Every structure is written in C-alpha cells, then in structure tokens.
Amino acid sequence: MYILSGTASKSIAKDLSKLIKVPLLKTELKRFPDKELYVRILDNIKGKDITIVQTTYPDENIIELFLLLNAVKEAKAKKITTIIPYYGYARQDTMFKPGEAISAKALAELISLNSDKVITVDPHKEYILDFFKTKAYSVSAVPTIAEYLKTKKVDMILAPDKGALNSAKEASKIIGCDFDYMEKTRIDGKNVEIKPKNLDVKNKKVGIVDDIISTGGTMAKSINELKKQGAKKVFVSCTHGLFAGEAIKKLNSAGCDEIISTDTIENKFSKVKIAKALTNIIK
Ligand code: R5P
C-alpha cells in the first residue's frame, strides 16, 4: 500500500504513513501560468493499493483530488481508497428549494467514479455516506476531542444544538462529566438564535462540542449564554475548523478561553490529531 497526500491534508497523510508504516508517494504538483493545476505521480504504482488523503475544502482542493484520483487510475493502481478528512459541500444535502443543486450528492458521485472505498470524518449528516456510489465509511473525532478536553478538567460538556447532542453525550461519557444542550434556530447562513435556558454551569469549566465552526456564530452565542450564567471557563471544540470571516474575533470577543479543532482542516487550532482514529478503518 502507498499513501498519496493531497495539499490540504499533508499532516494527516504524514501521521498515517508513520502510524501504519506505509510510504508516502512522491508527486509533482505545479501550476501553469494561468493557474491550472498539473499533477504527476512519480512512483510506479501499477497493481498497488493507494490511499489518497485530501480534504475537499476550499474549492481548489476538490480539483486537486479529482486530478490525483485520475492520475492514480491512469497509472493502473489496483485499489483506491479516498480519505476525505473534511468533506466540504456536505451541508447542502437536500433540495431545500426547487431548482437547487444537492452539492453533497454531486461531489460524492464524482469522487465515487475513481474510488473503491471512501472514508470521511464526522460528516455533517451520516446519511451523506449513501450518496457515494462505492463503499463509504465515517470515523468519529469525538473520542479524541474528548480526551483533549479531559486534560482541561472540564466539568460539563455542552452541545450548542440538538444536532450535536449525541457527540456531547459521547464526550461526557469519556470524560466522566455531565452534559447538556441548547436549542438553536438558524436564521440564515450567518445568524443563529439560541433559546435561553437555565444551565447548571456556575463556576464550572464547560467544553462545547460541535462538528463545524464556520462563522463562529453558533459558538459565540453559546459562550455568551454560558458566561452570562456564571461559567468559569469555556472551551470550544469542533472536528472541522473552517473559521470563516471574523469567526476567531467573534469567539474571542464572546470570552472564549480556548479554541480547539482537529487537523481535518489544517489551521493554528488543530490541536487534536485525527490520524490515529483513521488507522483501524484503513486496515
Ligand atoms: C450546524 O448544524 C453545524 O453543526 C454547526 O453548528 C454550524 O455549521 C456552525 O456554523 P457557524 O459557526 O457558522 O455558526
């Protein structure tokens, strides 16, 4: 087996290569003067099993994934496993209004063309896996995030909405603390409303868990509520840290004590490494 690292997921590919003792393929990637991408695999991979690791965010990494998949296919690899640490475009998973594209499905169908197996981490909704026309599996980052939050000695785990409730339950079980949740209503892509609710957080350290932090609106509203109710410290954690626009500023202004994300999207808050959680499913 060989591991092929895409530009977006170098750290995970490197960690995996070390953990499962499989070499990384040598590649040549460059841009033409008009910025189109050129991809070449430098090793001979005919008849080999190849695991490609590439997050589909931002858009340029999607094109790169398609070219890597094509290069591996054309080089006559035996089996192609595609690991998508963060499956971008997953949130549009249905036709909310007539005429809309279902981006989660569109991307899944294209990736399936050259993949024998797909693995992703905490997809926005589990049923997205059914959009792939090949075997597709997901891995949870929650246990690894929970281990990190345990080192912060949190007294409680909070889900910022019902969608994150199962993750909060799972994390609290690992840490051995209480959990609770808030009720969120999304107004639009940038704005959310959190229903006031009495939480038992006075003088407590609280860890919030969610799959994605995008604009930071959900987390900022949750932090505000927790601090208003007397929480001593608030740690916000997510699997996929998009941190769009002013997200970090918003979190800091709300009084966040620490921002934590995994490395499914590599950023300065990627304190939790996901490679280990991926190893079992790859084998
Ligand atoms: C929504 O269902 C997700 O789980 C996240 O809560 C959401 O994507 C976070 O978005 P934002 O950071 O923009 O509030």
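Small disclaimer: the values here were computed from a predicted structure and weren't measured. All ligand and atom numbering here is 1-based and tracks the order in the structure.
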*Looking at Ile213, which atoms of ligand 1 are within less than 4.0 Å of one of its heavy atoms?*
12 (O)
_Give the atom numbers and elements of ligand 1 that come within less than 4.0 Å of a heavy atom of Gly217._
12 (O), 14 (O)
_Cation-pi check for Tyr38 against Lys30: NZ or CZ below 6.0 Å from the six-membered ring centre and within 45 degrees of the axis, yes or no?_
yes
*Aromatic Phe243 / basic Lys250 pairing, under 6.0 angstrom, 45° off normal*: no
Under 4.0 Å between a side-chain nitrogen and a carboxylate oxygen: does that hold for [X] and [Y]?
| X | Y | value |
| --- | --- | --- |
| Asp257 | Lys233 | no |
| Lys273 | Asp15 | yes |
| Lys173 | Glu170 | no |

*Do Val121 and Tyr127 belong together in a cluster built from hydrophobic side chains that touch within less than 4.5 Å?*
no
*asked:* Would you say the ring centers of Tyr87 and Phe132 fall short of 6.0 Å from each other?
replied: yes
Below 4.0 Å, non-hydrogen atoms only: which portion of [X] touches ligand 1? Side chain, backbone, both or neither.
| X | answer |
| --- | --- |
| Asp210 | side chain |
| Lys190 | neither |
| Asp211 | side chain |
| Asp161 | side chain |
| Lys184 | side chain |

*Below 4.0 Å from any atom of ligand 1, is there a heavy atom belonging to Pro160?*
no
_Please confirm whether Met219 approaches ligand 1 to less than 4.0 Å, judged on its heavy atoms._
no
*Report yes or no: do Tyr86 and Asp211 form a side-chain donor-acceptor pair below 3.5 Å?*
no
*For Lys184 and Thr218, test the side chains for any donor-to-acceptor distance below 3.5 angstrom and give the result as yes or no.*
yes
*Gap separating the CG atom of Asn252 from the CD1 atom of Ile223, nearest 0.5 angstrom*: 8.5 Å
How far is [atom] from its nearest protein heavy atom, and which residue and atom name does that atom have?
| atom | result |
| --- | --- |
| atom 14 (O) of ligand 1 | Thr218 OG1, 2.5 Å |
| atom 2 (O) of ligand 1 | His124 CE1, 3.2 Å |
| atom 13 (O) of ligand 1 | Thr215 OG1, 2.6 Å |
| atom 10 (O) of ligand 1 | Arg186 NH2, 3.3 Å |
| atom 9 (C) of ligand 1 | Ile212 O, 3.4 Å |

*Please confirm whether Gly189 comes within less than 3.5 Å of ligand 1 when only nitrogen or oxygen atoms on both sides are compared.*
no
